[in-house]
2 protein chains.
Amino acid sequence: MVTIYDIAKKANVSAMTVSRVINNTGKISKKTEAKVRKIMEEMNYVPNQMARSLVLQQTKILFLLITDITNPFYTTLSRGAEDAANRSGYRLLFGNSDENLQKENDYIHTILSTRVDGLLVAPTGDASLPHLEQLRRHKVPFVLIDREVPGMDCDVVLGDSKGGARTLVEHLIDNGHRHIAMVNGLSTASSARLRLQGYQEALLLHSLHMPDNYVFETSYKLHQQVTGNDMPVLPSLEAWFDQLEPRPTAIVAGNNVIAIEIIRMLRKKEIQVPEQISVVCFDDFGLYSEIAPFMTVAAQQAYQFGYMGMQTLIERIQNKDHEAQPWRKVVLPAELIVRDSVAPAKDEQSQ
Amino acid sequence: MVTIYDIAKKANVSAMTVSRVINNTGKISKKTEAKVRKIMEEMNYVPNQMARSLVLQQTKILFLLITDITNPFYTTLSRGAEDAANRSGYRLLFGNSDENLQKENDYIHTILSTRVDGLLVAPTGDASLPHLEQLRRHKVPFVLIDREVPGMDCDVVLGDSKGGARTLVEHLIDNGHRHIAMVNGLSTASSARLRLQGYQEALLLHSLHMPDNYVFETSYKLHQQVTGNDMPVLPSLEAWFDQLEPRPTAIVAGNNVIAIEIIRMLRKKEIQVPEQISVVCFDDFGLYSEIAPFMTVAAQQAYQFGYMGMQTLIERIQNKDHEAQPWRKVVLPAELIVRDSVAPAKDEQSQ
DNA sequence: TTGTATGCGTTATCAT
DNA sequence: ATGATAACGCATACAA
């Protein structure tokens, strides 16, 4: 490995002079600068970030930890975060926790030991609290996106989960549906709790009462990796659906991936969407809504989640005393996009 | 920051003893070990990876550089790479070059200066050669995925682009199409060149001759970020299409994203797919093919790309003298999945 | 079983 | 404008 000393020796200067050239710090004569630069070129010198961080105590590297890299909501969010980071002269590295607390733990450990300057993180759920506390103890600035964690005061960028869910349910009610079930994410995630509240509020507002078992909880993430063209249907989802009485005329999905699970289950049972059952969900489908303008959704501004979250993080970092400012909470609206997965309820069903 | 010395002092031992506890190296008494561990817990000690790497000259961190994080082919590939890396005790960090040579350059620089142990990289194209040469000079082991780069001998995991393209075109020919155009990725990517070859071979084999302007090149990546629900149609694509004579009855897309651009353009012009024009493409759509089983594709084994690539990389790293072994080239097959974006050509068109 | 001295590659401080 | 020295946090070689 070619070091700053190799350059120095070849240029007949001290290592300090080379360092000054690299960092544009201090005064140096045009002549030596040119000479040093030339030799750095020749020897393909690249500064060792490890050594540099060790003394500088900063890396100019930020980290984004998402929960599902195969979900277009998070990949679009990533692009927003990337743009914001680059615009401020930071590099951004990504990690994927896969909705898995253990993986999240591993990443937190890597992040802690790598001493990145800051972290944008979508926590897997409330159980992430210890991880966040660890970050806080180690004074790693972080911003939460998409999900809050009770017990942790910090900056956070959220979607309007409650409002979005209400909008979805009201859209179904407007279409005459009176038996509306919900398949939600695990209630260990704040977004799932709020979406459930939104669902319940909308029903209450219209004086509708659903059977107790009309709400089902599952993972926000596909239960199995997509490897080919066929994939088993989530068994528990099907079992839940089979025992519903009466059968719902519409289902609200907690996110886009859950919607896919539902559609697959219904297709397996040869139930038509939307003719026999309407389906709506949170989050849009990125590119895919373009070629398959099918699902009616409450679209969240994924790119903005990343961009705003990253900006908040950077501002927090660049403020000298990190934790002095009051914590910020940004809530981004969800927008109803009506497509073709909802049909008017039939009369005998809407009573 | 709490260091190994802080632990040592509190435990009344030397820093070396603490280091030995951390790394399970050398002999230490149960009692001191227990004491040291307890204090590390109490003080929330996390080893400084920077300092450690500086002396160990390795990080146990690998890197995956992809070209489009919003493309499900690459995100599924990422999941495969992640699993393979974790299985071997490595952490994996991601970067997204966005099909942008400058961004790729920035990432290579970060990677070089961060001294990761190895790199799995999908190069943006032939112009990536200098970046790879730089990696080689700095003895950073790397494996190419998805695209080769002429002039660089190295391990590489590719898809059967030529065969896949031939299969797609033959499927169209089997359906009676005689006027088949192609919208391909930039020919600066090896995959695009091979897909073009496959297209041409299939035509030749069936003694079909297309007008010269029947092949159009564009980016593999969406030309504009998806931020909302409407997005302008790629102007040059539309201009190209408008001047085709005769108008093709089928179009082959170089990848899934290009297929989306084509569908959008045709929809804008109110041309029905597949009734008026059939469309097929490379790469599947991940989750989305599940809810919109529409596009006929040559599906590549995205997960396997990542998994095999990562395994190849790790084996290369763990072999003492990296570059002694002969380079490996893995070619993964593409599978035709017939769906609904192809219709038989009408008689007057198929002549 | 445990400790001391040294070096990894860089920058800050202080000197010249 | 340039250089010498110490320090960042850790692990290796060698000693005790």
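Just so we're on the same page: letters track the sequence lines, and every chain starts at 1.
Using a 3.5 Å distance cut-off with no hydrogens or angles, the side chains of B:Glu315 and B:Asn319 do not pair a donor with an acceptor. A donor-acceptor contact under 3.5 angstrom links the side chains of A:Asp146 and A:Tyr74, judged on distance only.
A:His138 places a side-chain N or O within donor-acceptor distance of the main-chain N or O of B:Asn44, the cut-off being under 3.5 Å.
Residues meeting the side-chain hydrogen bond (donor to acceptor under 3.5 Å, both in side chains) test with A:Lys60, sequence neighbours left out: none.
Taken residue by residue, residues 41-48 of chain B places no heavy atom nearer than 4.0 Å to DNA chain C.
Contact between the side-chain N/O atoms of B:Arg52 and the OP1/OP2 oxygens of D:dG9 is not found at any separation under 4.0 Å. The shortest distance between the side-chain N/O atoms of B:Ser19 and the OP1/OP2 oxygens of D:dA11 is below 4.0 Å.
For the pair B:Glu148 and B:Lys329, the salt-bridge criterion is met [side-chain N within less than 4.0 Å of a carboxylate O]. Classification of A:Asp68 and A:Lys221 as a salt-bridged pair fails, no side-chain N sitting under 4.0 Å from a carboxylate O. Here A:Glu133 does not pair with A:Arg136 in a salt bridge; the nearest charged N to carboxylate O distance is not below 4.0 Å. In summary, B:Glu33 and B:Arg37 engage in a salt bridge, as defined by a charged side-chain N under 4.0 Å from a carboxylate O.
Of all non-hydrogen atoms in B:Lys103 and A:Asp83, the two that sit nearest each other are NZ-OD1, 4.1 Å.
Note: CD1 (B:Ile7) to C1' (D:dG9) measures 12 Å, nearest angstrom. For the pair B:Asn24 CG and D:dA11 C1', the interatomic distance rounds to 14 Å; values are reported in whole Å. We find that CD of B:Gln49 is positioned 15 Å from C1' of D:dC8, with the value rounded to whole Å. Residue B:Asp6 contributes atom CG, which lies 13 Å from atom C1' of D:dC8 at whole-angstrom precision. Rounded to whole angstrom, the span from the CD1 atom of A:Ile4 across to the P atom of C:dA12 amounts to 11 Å.
Note on B:Leu56: only backbone sugar-phosphate atoms sit closer than 4.0 angstrom, heavy atoms only; bases stay farther off.
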Determine, for nucleotides 1-8 of chain C in 5'-to-3' order, which nucleotides have protein heavy atoms under 4.0 Å from the base (write B), from only the sugar-phosphate (write S), or from neither (write -).
SBBB--BB

